[in-house]
Amino acid sequence: MTTTRFAPSPTGYIHVGNLRTALFNFLIARKAGGTFILRLDDTDPERSKPEYADAIMEDLEWLGLTWDRVERQSERLDRYHAAANTLRDMGRFYEAFETPTELDLKRKKQLNMGKPPVYDRSALALTDDEKTALRTERGNGVWRFKLDHERIEWDDGILGDISIDAASVSDPVLIRADGQFLYTLASVCDDVDFGITHVVRGSDHVTNTATQIQIIKALDGIVPSFAHHSLLTGREGEALSKRLGTLSLRDLRAGGVEPMALLSLMARLGSSQPIELRASMDEIIAGFDLSTFGAAPTKFDENDLFPLTANVNAAKPYALVADDIRALGVPDDLAPRFWDVARENITTLADLEGWWALCRDGAEPLVADEDAEMVATAMTLLPPPPYDDTTWKTWTDAVKEATGRKGKGLFMPLRKAVTGMERGPDMSSLMPLLQKVRAKG
Ligand code: GLU
């Protein structure tokens, strides 16, 4: 059965980059009628925080990315111990004692000689006595997985055929000197134990995948299908990594971005298929095809979310926004009508406030010099509120008669005088909502 997972570390809020990973894995599982697991990669006790785990779940729920179960790496340490022992018994695991400074020096030397900065495996040559001495002097070492120096190959779901020379990769550290299991080992154990069939993640994980394939095989596990999506860049192709902090799902949500807008964009961005606003998750699932995604970096522009958000809002039935509208203080008898008029003229729901302020208090009139006289006459012809559906027609007919103005020369100055804006809702529909027209004085 198709089983996928989204595996964030609860060390911060998730952002659009993470969302891409979460969404692809979710969609693969849902499309196949399989299982989607939320795995919290919380092996780092200092940086992992329960409040971030809660926030991640809240953000996924907001988007409707429901998971079938949650797994926590911090609850699986026994399993990682057992796997480490297996690797040790097989002779694929060795302790190394270099300090970070020593490793750095080695890397620099290699780079100076034009060689790739790959760990030189000096620790493999240590005798038991030397190790004991080092342990006494420096404390426990780190544990590295001994890669088989062969080519590691897989058919990547996005990148196509990949072949990596294991000799060009350092033996990965799987256990830190303080005993903490690192992501690579934990992830491999989990993927094997949970029967993960497909792993989609960012292309920054390609080298990890190479080493993980060898570890999975060493542990007798079944290697899942791997796919690596490109990383997001900004509008101009600049790295997005520094700005991701401001592109957290919570910030987008607080900025009024609608879930369907975000999902519709992210399910297609970077693919050969067009971005289309979808009305439901089922449509997003049906329209998803991993094979249409390309390897090139994907440009993300948060401004693209706003036209989509405006369309989502314009299509919302009143019932979905009734609470927001009541919260603004719109009287119940006006509220459905207010929504009908406002919905085509907002981007986010926060824009409703401005439209309600206009209806309630009127707007600062916008009157050009050449229209001042005509507007003054018009205001004498406008009765006091309340207005109804016929007000605009009756009034503009009377102004036309009195001033000889017609067409745009009639309607635009009046719109500007009443609303303070050149554009906006249909005036016949807006008039009945106006509690006040300031130009009337
Ligand atoms: N916790 C890892 C990350 O966020 C998971 C990577 C993976 O999908 O294996 O990068």
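Position 1 is the first residue of the sequence, and the numbers go up from there. Note that ligands are numbered from 1 as they come in the structure, with each ligand's atoms numbered from 1 the same way. Computed from a predicted model, the values in this text were never measured in an experiment.
Taking a 4.0 Å cut-off on heavy atoms, Q212 fails to register as neighbouring ligand 1.
Comment: R39 engages D191 in a salt bridge, judged by a side-chain N to carboxylate O separation of less than 4.0 angstrom. Checked for salt-bridge contact, D389 and R337 meet the test: a charged N lies under 4.0 Å from a carboxylate O.
When the options R135, R144, R88 are evaluated for a side chain to side chain donor-acceptor pair (under 3.5 Å) with E95, the one that passes is R135.
For ligand 1, the polar-atom distance check finds an N/O of A7 within less than 3.5 Å of one of the ligand's N/O atoms.
At the top of the distance list for atom 6 (C) of ligand 1, counting protein heavy atoms only, stands Y183 OH, 3.3 Å. Of all protein heavy atoms, the one closest to atom 8 (O) of ligand 1 is R5 NH1, 2.6 Å. At the top of the distance list for atom 10 (O) of ligand 1, counting protein heavy atoms only, stands H205 NE2, 2.9 Å.
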Sequence neighbours left out, cut at 3.5 Å: what donor-acceptor pairs do the side chains of residues 324-335 make with other protein atoms?
from	atom 1	to	atom 2	distance (Å)
R326	NE	D332	OD1	3.3

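For atom 1 (N) of ligand 1, the choice among V188, D41, D190 with the nearest heavy atom turns out to be D41.
Close approach of ligand 1 to S187 is summarised as follows: ligand atoms under 4.0 Å from at least one heavy atom of the residue are 9 (O). Annotation for ligand 1: atoms under 4.0 Å from non-hydrogen atoms of R201 are 7 (C), 8 (O), 9 (O). Counting atoms of ligand 1 from 1 in the listed order, those under 4.0 Å from a heavy atom of S9 are 1 (N).
A donor-acceptor pair under 3.5 Å is absent between the side-chain atoms of D148 and the main chain of E150, judged by distance alone.
A cation-pi arrangement is found for R69 relative to F194, the charged atom lying closer than 6.0 Å to the ring centre and inside a 45° cone about the ring normal.
Between the side chains of S74 and D42, at least one donor N or O lies within less than 3.5 Å of an accepting N or O.
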